[in-house]
Structures are given as C-alpha cells and as structure tokens.
Amino acid sequence: MERGWDIYHIYCDEDYSGADRLRPDFNRMIQAAKEKQFQIILCKSQSRFTRDMELVEKYIHGLFPIWGIRFIAIADNADTEVKGNKKARQINGLVNEWYLEDMSQNIRTVLDAKRRQGEFVGSFASYGYRKDPQDKHRLLVDEPAAAVVRRIYALYLSGWGASRIAAQLNREQVPNPSAYKKQNNPAFNRGRSTALAELWSDSTVLGILKKQVYTGTTVQHVNEKISYKSKRLRRLPPERRAVVQGTHAAVIDPETWEAVHRKLAEGGAEQRWGGRR
C-alpha cells in the first residue's frame with residue numbers, strides 16, 4: 001500500500017522446510033515468475049524464499065534478472081534493485097544454509113540417541129504393533145495384526161511357502177500391511193492406491209518372516225539420508241544400525257524365530273545350489 005503495488009497472489013507453503021525444493025506453492029510462484037505474470041517477489045526474509053544457497057544463486061541472482069523479476073526480503077534489507085546489495089544477499093544465503101546444516105545435524109544426533117536407547121522414532125509402527133498413546137516412543141502389540149503374523153510363522157513352519165501363504169491370505173481377504181495401515185492411520189498416504197497394491201505377495205510375507213521387531217527387538221536407522229539437501233536414502237550395514245533388545249512385547253517367541261530363520265537359510269542355500277547346477 002505504501003508503494004502503490006498491487007498484490008497478484010500470495011504464495012504460502014505451511015509446514016514445509018525452506019530447503020524443500022518440492023514446495024507446491026513455491027514452484028507455482030516460480031512458474032508464474034517465468035511466465036512474467038508479476039514483476040516483484042516480496043518475502044518477509046530471504047530464508048522464507050529458500051535456505052538453499054544453490055537456489056539463491058539460480059533464481060535471485062540468475063534467472064530473476066533475466067525474467068525481469070525484482071526480489072525483496074524485508075527483514076534482510078535485500079533488494080535486487082539496489083546496487084551493491086548482492087554480497088549481503090549471498091552472505092544471508094550462506095548463513096541460512098549453515099543454519100539448516102547445523103539444525104539437521106542436531107536433529108540427527110537427538111534421533112540417534114533415542115534409537116540407541118531403544119525408543120521408537122518412526123512415523124508408523126511395523127505391522128503387528130501400534131504406538132502407545134501415552135508414549136509415542138513405545139510399541140504395543142496390535143492383536144488383530146499380530147494374530148496374522150503368528151499365523152504366517154506357523155504356516156511357514158508347517159511347510160507352506162511364501163507364495164502359498166500370500167495366496168491364502170488374499171483368498172480370505174485379509175488386508176495386507178499397507179491396506180491395514182491405511183484403515184487404522186488416516187494420516188498414512190502412500191500415493192495412488194491400486195487393487196494390486198493392497199494384495200499380499202510373497203515378498204510381503206518374506207519381509208514379515210525376516211523382521212526382528214517381532215522378537216521384541218527394536219531395529220532402527222536401517223537407512224539414512226545421503227545429505228540434508230537430498231531425500232535420497234542409502235542402506236546402512238548391520239553394524240551401524242540401532243538394535244536394542246527387549247524394548248517391547250514379543251509377538252513371536254525365540255524358538256519359533258530361530259526355527260523360521262534356520263528354514264529361511266536352508267531355502268536360500270538350496271536356491272544358490274540350484275543356480276550353480
């Protein structure tokens with residue numbers, strides 16, 4: 001109002017990090033800027049635009065001048081129309097990125113300490129368990145799903161293969177782990193659902209037979225992000241994972257677990273021998 005500017009649109013991404021390149025409104029704003037639908041981007045601070053130094057250089061110092069876009073951040077006194085302001089914007093960009101890196105490391109340290117103490121830090125509990133409403137870092141047995149887990153172990157020990165078990169559960173229309181999670185956790189969203197995605201498969205059954213969580217052991221930090229700036233994950237070797245025994249009630253007793261894993265190992269050996277022949 002003071003400067004006589006008209007508001008074209010207000011772009012706002014609630015609950016998104018300033019480092020997230022996939023912010024929906026941020027990307028809509030960038031597209032509108034590219035199409036020259038407005039002349040000015042006005043932010044509270046440069047960090048609200050981005051905390052990623054690479055994006056600062058790409059857009060504020062690279063593409064915006066080409067597109068005829070003026071960038072202003074009030075709290076930082078950043079204005080691309082003011083000569084000699086570029087160094088201040090670059091320093092702000094570096095400080096914002098350092099802050100992000102430090103915060104990421106601090107969060108990793110806190111989460112790692114919780115994992116090493118056996119506290120559950122995942123978003124959702126494994127099939128057969130649920131989070132304790134009184135303590136989100138503790139797991140409780142989810143009896144309906146746990147009964148299915150016990151049945152899978154029993155059928156496998158009785159001679160049924162993983163494919164046969166999966167087919168039987170599908171015939172009985174037992175919800176698979178993804179479908180069951182969706183039924184009981186409204187916040188769970190795994191993209192577009194298909195009929196095939198809600199069926200049991202041999203890999204799903206084998207995954208349950210291999211999960212150590214059913215013995216009362218918490219296994220976490222199996223994967224980690226490559227960098228605070230990337231969503232890509234890398235799988236960690238067993239010695240780097242956080243494994244703590246006796247953190248919650250077991251669904252499968254030790255004898256059954258050992259018997260199943262001996263059988264799995266024997267099956268793997270047979271497959272390898274068959275391949276060599």
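Not measured: the values here are computed from a predicted model. All residue numbers in this chain count up from 1 along the given sequence.
Residue Tyr59 holds its OH atom at 8.5 Å from NZ of Lys34, rounded to the nearest 0.5 Å. Note: Thr247 OG1 to Gln220 CD = 8.0 Å, rounded to the nearest 0.5 Å. Once rounded to the nearest 0.5 Å, the distance linking CE of Met29 with CD1 of Ile69 reads 9.5 Å. Atom-to-atom distance recorded for Arg3:CZ and Leu42:CG is 8.0 Å, nearest 0.5 angstrom. To the nearest 0.5 Å, atoms CD1 (Ile165) and CG (Leu206) are separated by 8.5 Å. Note that the CD1 atom of Ile30 and the OG1 atom of Thr50 stand 9.0 Å from one another [nearest 0.5 Å].
Linking Ile, Leu, Val, Met, Phe, Trp and Tyr residues whenever their side-chain heavy atoms come within less than 4.5 Å places Leu155 and Ile208 in a single cluster. Linking Ile, Leu, Val, Met, Phe, Trp and Tyr residues whenever their side-chain heavy atoms come within less than 4.5 Å leaves Val222 and Leu111 in two separate clusters. Under the 4.5 Å side-chain heavy-atom criterion for Ile, Leu, Val, Met, Phe, Trp and Tyr, Phe38 and Trp67 are members of the same hydrophobic cluster. Residue Val141 is grouped with residue Phe120 when hydrophobic side chains (ILVMFWY) are merged at heavy-atom distances under 4.5 angstrom, including chains of intermediate members.
At least one donor-acceptor pair closer than 3.5 Å links the side chain of Lys131 to the backbone N or O of Gly122. Using modelled atom types, no side-chain atom of Glu119 and backbone atom of Lys136 make a donor-acceptor pair closer than 3.5 Å. Put simply, the side chain of Thr80 gets close to the backbone of Phe71: a donor and an acceptor are under 3.5 Å apart. A donor-acceptor pair under 3.5 Å is absent between the side-chain atoms of Gln39 and the main chain of Arg70, judged by distance alone. For the pair Asn176 (side chain) and Ala179 (backbone), a donor-acceptor distance under 3.5 Å is present. Between the side chain of Asp25 and the main chain of Cys12, a donor-acceptor pair closer than 3.5 Å is present. Judged by distance alone, the side chain of Asn27 and the main-chain N or O of Arg21 form a donor-acceptor pair under 3.5 Å. The backbone N or O of Ala145 sits nowhere less than 3.5 Å from a side-chain atom of Asp142 that would complete a donor-acceptor pair. The backbone N or O of Val174 sits less than 3.5 Å from a side-chain atom of Trp200, completing a donor-acceptor pair. Panel note: side chain Asp76, backbone Ala78; no donor-acceptor pair is recorded below 3.5 Å.
Counting all heavy atoms, side chain and backbone alike, Tyr11 lies closest to Arg28 at CE2-C, 4.0 Å. Smallest separation of non-hydrogen atoms from Ser45 and Ala73: C-CB, 3.6 Å.
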### Task
Verify salt bridge (charged side-chain N to carboxylate O under 4.0 Å, His left out) between Arg151 and Glu172, making sure each step is shown before the conclusion.
CA-CA 13 Å; Arg151 186 181 175 202; Glu172 296 175 14; 2.6 Å; yes
### Task
Show the numbers, then the answer: is there a salt bridge (charged side-chain N to carboxylate O under 4.0 Å, His left out) between Asp112 and Arg116?
CA-CA 6 Å; Asp112 191 52; Arg116 298 295 169 188; 3.6 Å; yes
#### Entry: Worked verdict on Val56 versus Glu54 for side-chain contact (heavy atoms from CB on, under 4.5 Å)
CA-CA 5 Å; Val56 169; Glu54 186 180 333; over 6 Å; no
### Task
Might you work through the ring-ring contact (aromatic ring centres under 6.0 Å, His included) test for Phe49 and Phe26, ending with a clear yes or no?
CA-CA 8 Å; Phe49 176 74; Phe26 174 83; 5.2 Å; yes
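Between Glu143 and Arg150 there is a salt bridge, since a side-chain N of the basic residue sits under 4.0 Å from a carboxylate O of the acidic one. Remark: Arg240 engages Glu224 in a salt bridge, criterion side-chain N to carboxylate O under 4.0 Å.
For the pair Leu236/Asn223, no side-chain contact is recorded, criterion being any heavy-atom separation below 4.5 Å from C-beta on. Between Arg235 and Arg241 there is a side-chain heavy-atom pair separated by less than 4.5 Å. Put simply, the side chain of Leu209 reaches to within 4.5 Å of the side chain of Ile152, judged on heavy atoms. In this structure, the side chains of Val251 and Thr215 stay at 4.5 Å or more apart for every pair of heavy atoms. Using a 4.5 Å heavy-atom threshold, the side chains of Ile74 and Cys43 count as separate. Val149 is listed as a side-chain neighbour of Ile252, based on a closest heavy-atom distance under 4.5 Å. At least one side-chain heavy atom of Thr204 sits less than 4.5 Å from a side-chain heavy atom of Pro177. A 4.5 Å side-chain heavy-atom check between Val260 and Leu264 finds at least one atom pair inside the cut-off.
Judged as a side chain to side chain donor-acceptor pair (under 3.5 Å), not a single pair has a partner in residues 153-165 (not counting sequence neighbours).
Surrounding CD of Gln245 are at most 12 heavy atoms belonging to other residues, nucleotides or ligands under 6.0 Å away. At most 12 heavy atoms of other shown residues, nucleotides or ligands fall within 6.0 angstrom of atom CD in Gln173.
The ring-ring contact (aromatic ring centres under 6.0 Å, His included) search around Tyr129 returns His248, not counting sequence neighbours.
Shown are Asp79, Val82, Ile41; of these, the side-chain contact (heavy atoms from CB on, under 4.5 Å) with Ile72 is made only by Asp79.
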